[in-house]
Amino acid sequence: MWAGGIVAANWLLGVSAALVFYKSGMQKVRHPYSFREILKHYELVPASWLDWLAPAVAVGEVLVAIWLLLPWTRFYGAVLGVAFQALFMTIMLKRMGMHLPLGCGCFQLNVPQQVTWRHIGFNSLMTAAMIGILACT
Amino acid sequence: MQAWLLMALTLTLALLLFRNIRKRMADHALCLKALPNASELQSQLDAGFSGYLFLMDLWQFPESCADREHLASMLSERGHRLFALDAPSAFQDRSALGFDLQVRFLPALMALQHGKPTHEAMLALPGKRFRSDVMWYVEKTEGVMRACGPEES
């Protein structure tokens, strides 16, 4: 019974997290130039890096989504997912309170946003989901 | 074994997607340079242009040059103009572009989106149905402009 519960939790967390990463990633895949401009406003890396960083993040999120969905690769998807969430949370903490005219690049693009603790909260929830997947694998 | 094979396959697809995205970004950058910008918009206003000026959010509309050129040519046939502007300046620095633009642009979007904030109005036009929806968008805007009547200069 415990084993069944763990398997069910693993699937539920995996599919849920995969959907979040898929939605976020595909938005960036469809509008990579917009996402590149959003990253520019964070002022974290040299502008010359953005032409590589923007597609890398977009593709990375879609990859995490696929790996989380497939039971054989779910563990690795969760590991990569934790790495992404750690990166996002670090960026959000560094830029807490910053007004981003084109948005944070999380889901909606082009909607002006301010980085708040709500972003940290959501990323924490996602990190917890990844850790839950790792625990259930 | 299955895990490694699947990972190798998905990583290969990811690399192809990465290259595709990089190419689309480069094409997009080139395409944007061909569009008229805010200074040309001001020249049109100064010259007494009598059509409607459709502002396009550079980042939100489809990133296909062909779709944007299609919209620009359709608007031109009806006596209007399409201008691509940086998203923040389109909605926050409207006063710099003149009274004429404020009245002609905002009521159209407000009417289309039933009072939603302007930037949300721009977001709501679905990109994948862009070609079929654009005539609806243009005709709707013309209808709203006729209903609003001529503004005072």
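What you are looking at is a predicted structure, and each value in this text was computed from that prediction instead of being measured. Naming convention: chains lettered A, B, ... in sequence-line order (proteins, then strands); numbering from 1 in each chain.
When hydrophobic clusters are built by joining Ile, Leu, Val, Met, Phe, Trp and Tyr residues whose side-chain heavy atoms come closer than 4.5 Å, directly or via intermediates, B:Trp4 is grouped together with A:Leu68. Cluster annotation: A:Leu100 is connected to A:Trp117 through the hydrophobic network of ILVMFWY side chains, with a link wherever side-chain heavy atoms come within less than 4.5 Å. B:Phe18 and B:Leu16 are assigned to two separate hydrophobic clusters, defined by single-linkage of ILVMFWY side chains at heavy-atom distances under 4.5 Å. If you chain together hydrophobic residues whose side chains sit under 4.5 Å apart, A:Leu93 and A:Leu87 fall into the same group.
B:Met7 and A:Thr73 make their closest contact through CG-CG2, 3.6 Å (heavy atoms, listed as atom of the first residue, atom of the second, distance). Considering all non-hydrogen atoms of both residues, B:Met25 and A:Tyr33 come closest at O-CD1, 3.7 Å. Closest approach of A:Leu63 and B:Thr10 over heavy atoms only: CD1-O, 3.7 Å.
Here the side chains of B:Leu11 and A:Trp67 are in contact, with some heavy-atom distance below 4.5 Å. Considering only heavy atoms from C-beta on, B:Ile21 stays 4.5 Å or farther from A:Arg30 through its side chain.
Options A:Ala56, A:Pro55, A:Ala54 differ in how many heavy-atom pairs under 4.5 Å they form with chain B, and the most are formed by A:Pro55.
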I'd like a table of donor-acceptor pairs (distance under 3.5 Å, sequence neighbours excluded) in which one partner is a side-chain atom from residues 42-53 of chain A, with atom names and distances.
residue: A:Tyr42; atom: OH; partner: A:Cys104; partner atom: O; Å: 2.7
residue: A:Asp51; atom: OD1; partner: A:Arg36; partner atom: NE; Å: 2.6

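Atoms CG and CD1, from B:Leu6 and A:Ile66 in turn, are 10.5 Å apart once rounded to the nearest 0.5 Å.
In the hydrophobic clustering, where aliphatic and aromatic side chains (Ile, Leu, Val, Met, Phe, Trp, Tyr) are joined below 4.5 Å either directly or transitively, A:Leu19 groups with A:Val7, A:Trp11, A:Val15, A:Leu69.
With A:Val59 as the fixed residue, the side chain to side chain contact (heavy atoms under 4.5 Å, CB included) test singles out one of B:Asn20, B:Leu15, B:Leu17: B:Leu17.
Heavy atoms of A:Ala58 lying under 4.5 Å from chain B belong exclusively to its side chain. Proximity to chain B (any heavy atom under 4.5 Å) is restricted, for A:Tyr76, to the side chain, taken from C-beta onward.
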